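From a predicted model like this one, the values you see are computed outputs, not experimental measurements. First the proteins, then the strands, lettered A, B, ... as listed; each starts at 1.
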2 protein chains.
Amino acid sequence: MPHTTAPMSLKSLARELGISAATVSRVLSGQAERHRISIATRDRVLGAARASGLVVDQLARSLRLRRTQSIGLLIPDISNPFFAQLARQIERRARHHGYSVLIADSEEDADVEAAAMTLMLSRRVDGLIVAPVGTPATDNPLRSLGGRPCVLVDRLLEQPSLPAVTSDHRHGAELATQHLIARGHRRIGCVEGSPGTFANDARIAGWRAAMASAGLAAGDDLVAGTGYSVDAGVAAARTLLRRAERPTAVLALGNVLALGVLQAAREERIIVPDDLSLVAFDDQLWAAVTSPALTIVEQPIEALGREVVDLLLERIAAPLDDPPARRILPVRLIERESVRDLGAGRVVPAPPAQRTPDPPAPAHGRAGAR
Amino acid sequence: MPHTTAPMSLKSLARELGISAATVSRVLSGQAERHRISIATRDRVLGAARASGLVVDQLARSLRLRRTQSIGLLIPDISNPFFAQLARQIERRARHHGYSVLIADSEEDADVEAAAMTLMLSRRVDGLIVAPVGTPATDNPLRSLGGRPCVLVDRLLEQPSLPAVTSDHRHGAELATQHLIARGHRRIGCVEGSPGTFANDARIAGWRAAMASAGLAAGDDLVAGTGYSVDAGVAAARTLLRRAERPTAVLALGNVLALGVLQAAREERIIVPDDLSLVAFDDQLWAAVTSPALTIVEQPIEALGREVVDLLLERIAAPLDDPPARRILPVRLIERESVRDLGAGRVVPAPPAQRTPDPPAPAHGRAGAR
DNA sequence: TTGTAAGCGTTATCAT
DNA sequence: ATGATAACGCTTACAA
């Protein structure tokens, strides 16, 4: 009958039991042994605590311990499915390590990001995980972290050189481009997200590299895009598709951009993959049921989440040794139906991509690569 | 040159300035006027605070003020796009009211949910927003809230009668069903999510009501489903599609279930919408580019987020007056291409649904209904 | 084996 | 117009 009305506290419980708060504290924090608390006392405390439904106040505890057992998570757009999945993995991993997550959505705005960081620090999070907006802020945020560790994820920054975990965006783009080249494509365009952003630029670099080593042109006329939204994707695709020499294939550097490309193709009465091949980034549940099902470069989201959290907790535990570790996780290409084989001269042997059959198996091979 | 190395604090700043902590506190919390702090002192404090990059410790502040200016958010699966969007709206609204959000993913597990709630309460969140798992927990969670307000969202519970904000699931299902009936469908099935869950059951009820008032059978043989996952959706759809009398139309009571239906239809070589019509719930960016584009019952996610937060903050501000308010927000039907008009006798006049044209306009009419 | 007391960084109350 | 002091609820030397 836990019919508590009074705001229980360790101290009040101690008073009720006629013992000191210190003893109760010791028992409740599992230090009974270490302090040779008598079994009798221990059980009395434990019993009473359970009966009264006492939970120790983490606020006071944190203040005293100078550690909140919580981390801050800063995401540019949590409604983007990629970040949503990432957030899930991060929260889950943190929870398993006994950490709570304070979350904020920076709305892709550097000032919001800076403000959110300050707020989180003032709430004394033990560390920070940030998928940075990557754009210069009015106020310098990622600098004065008050000494608390911070790990970047997905996008990494050069200026404040911080540890980071990302997937191999560059290699992903190479994989995708090589795949297209191997199927006879020569003019391959890119619908990009936010230029200047790490993941975006790394992907562009990968595409350029693959194009170059196949002796193909990779000029700026083959790139368009202004942001990670369907509308931006539509506009960029439209631009590309209306070029005098229309590309036969397009890389959409983000899953929602792929939606935009599909949309634009529809408008222009261009059939994918017959008239235009498409490879997108970041697998999603729906990517297997668009028409056509999308060939995709998949990021190891679970591993990403696991690694950032682990990396952050390591740095929270151990003082800051300086080599800002940078973990880059491998990606893989999932072939589905959005790429047409042009048959023409294969320049490069088909890359060793895992094949994911389609109608039979839906797309959630969460392989947790490496 | 904010070259702070020492862990600044209000108190240390006071010492440096040779004044009392109380005064600094008063200035920093905007109480200078109220306490008639001299302009000189005020400016000195403000200047020094800015120069040293001081941010007051919210932990200590919260402890003293008995209020953390933070709320807890409990979501069953934040990687589900519906909840991701909802979380975004909630976080954003909370932030605008000056509240931080502590988030946890209950993984659709009542025990995880209970544990997370306890943890949040121990962290002294000022209130809680919960999309409850809705399944009995080992430990009774939603009861001993330590007097702190809690508002449910999306799913509401009967037993602990708490204030809630949901969209009109029941009416949505009626709308969808009437839409199908008006297009000549007679056998209309349901692929459900988690039976026993509020949103799910309300939708089933709506479907039954619409079927009944059209004099159509709505037996259990027309319902299948065990959870909100693609796989569960595939299995349920398969069951329905293999019935002796196969339904001509199906309601997918959740967007990821629609993915499952599409998948299953592919396997069975059933063409949507020619052989099978489909109406799904919860609009998503991709719903316009599946093949076919999905006719959908859309929930007003932004309004949902806004209302829960506002409702919660009201209850945080004002002591608990008992009528557990229950706000039910209207939904709307977005017609796209996944419903076939059977032409046969129209039983009911076409419901007054907004039409969203497709190729021309992508699907983000965020109308913020009502 | 247990208690006392100081302190974590604020703010409210009461003085002055 | 400002300062001392106590208290928020906990943990941890240091004692006993």
Side-chain angles (χ1 to χ4, degrees), chain A residues 4 6-46 49 52-70 121-126 146, chain B residues 4 6-46 48-49 52-70 119 121-126 146:
Chain A
T4 354
M8 259 299 159
S9 80
L10 184 156
K11 198 194 285 181
S12 65
L13 201 164
R15 202 168 329 115
E16 278 182 22
L17 294 180
I19 63 185
S20 82
T23 301
V24 175
S25 171
R26 297 196 261 246
V27 170
L28 258 31
S29 55
Q31 311 222 291
E33 297 264 290
R34 231 161 63 55
H35 286 272
R36 310 173 165 207
I37 306 290
S38 75
I39 307 287
T41 312
R42 195 199 55 186
D43 290 349
R44 230 155 60 85
V45 171
L46 252 24
S52 63
L54 170 63
V55 281
V56 307
D57 188 315
Q58 297 300 323
L59 217 52
R61 186 161 210 268
S62 296
L63 185 59
R64 175 66 229 240
L65 258 28
R66 322 184 55 73
R67 153 172 61 92
T68 55
Q69 210 73 313
S70 70
L121 291 175
S122 78
R123 287 191 183 284
R124 295 271 210 95
V125 293
D126 295 337
Chain B
T4 354
M8 259 300 159
S9 79
L10 183 157
K11 199 194 285 182
S12 64
L13 202 165
R15 203 169 327 117
E16 278 181 20
L17 294 180
I19 63 185
S20 82
T23 301
V24 176
S25 171
R26 296 195 263 247
V27 171
L28 259 30
S29 56
Q31 311 221 291
E33 297 264 289
R34 233 161 60 57
H35 285 272
R36 309 168 166 211
I37 305 289
S38 74
I39 307 287
T41 313
R42 194 199 56 186
D43 290 349
R44 229 157 59 84
V45 170
L46 253 24
S52 63
L54 170 64
V55 281
V56 307
D57 188 317
Q58 297 300 323
L59 218 52
R61 186 162 210 267
S62 295
L63 184 60
R64 176 66 233 234
L65 258 28
R66 321 185 54 75
R67 154 172 61 92
T68 55
Q69 210 75 309
S70 70
L119 181 56
L121 292 175
S122 78
R123 286 191 185 283
R124 295 269 211 97
V125 294
D126 294 337

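- Helix bend of the helix from C/dT1-D/dA16 to C/dT16-D/dA1: the angle between its two end axes, each built from five pairs, comes to 40° after rounding to 10°.
- B/Ser12 OG to B/Leu54 CG: the interatomic distance, rounded to the nearest 0.5 Å, is 7.0 Å.
- What separates CG of B/Leu17 from C1' of D/dG3 is a distance of 15 Å, to the nearest Å.
- The shortest heavy-atom contact between A/Val125 and A/Thr68 is CA-OG1, 3.6 Å.
- Among residues at least two apart or in separate chains, side chain to side chain donor-acceptor pair (under 3.5 Å) pairs with a member in residues 23-36 of chain B are B/Ser20-B/Thr23.
- Partners of B/Gln58 by side-chain hydrogen bond (donor to acceptor under 3.5 Å, both in side chains), not counting sequence neighbours: none found.
- A/Arg123 contributes atom CZ, which lies 10.0 Å from atom OG of A/Ser70 (distance to the nearest 0.5 angstrom).
- Residue A/Asp43 holds its CG atom at 12.0 Å from CD1 of A/Ile37, rounded to the nearest 0.5 Å.
- In this structure, A/Ser62 reaches neither bases nor backbone, as no heavy-atom distance under 4.0 Å exists between it and the strands shown.
- In this structure, B/Val27 and B/Arg42 approach most closely via the heavy-atom pair CG1-CG, 3.8 Å.
- Considering only residues two or more places apart in sequence or on other chains, B/Ser122 meets the side-chain hydrogen bond (donor to acceptor under 3.5 Å, both in side chains) condition with none of them.
- Extent of DNA chain C lying under 4.0 Å from chain A heavy atoms, first and last nucleotide in 5' to 3' order, is C/dT1 to C/dG9.
- With respect to B/Val24, the side-chain contact (heavy atoms from CB on, under 4.5 Å) criterion is satisfied by exactly one of B/Leu46, B/Ile19, B/Val56, B/Thr41: B/Ile19.
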Reading nucleotides 6-16 of chain D from 5' to 3' and marking B where a protein heavy atom lies under 4.0 Å of the base, S where only the sugar-phosphate is that close, and - otherwise, the string is BBBBBBBB---
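- Among pairs with a residue in residues 57-67 of chain B, those fulfilling salt bridge (charged side-chain N to carboxylate O under 4.0 Å, His left out) read A/Arg124-B/Asp57, at least two apart in sequence or across chains.
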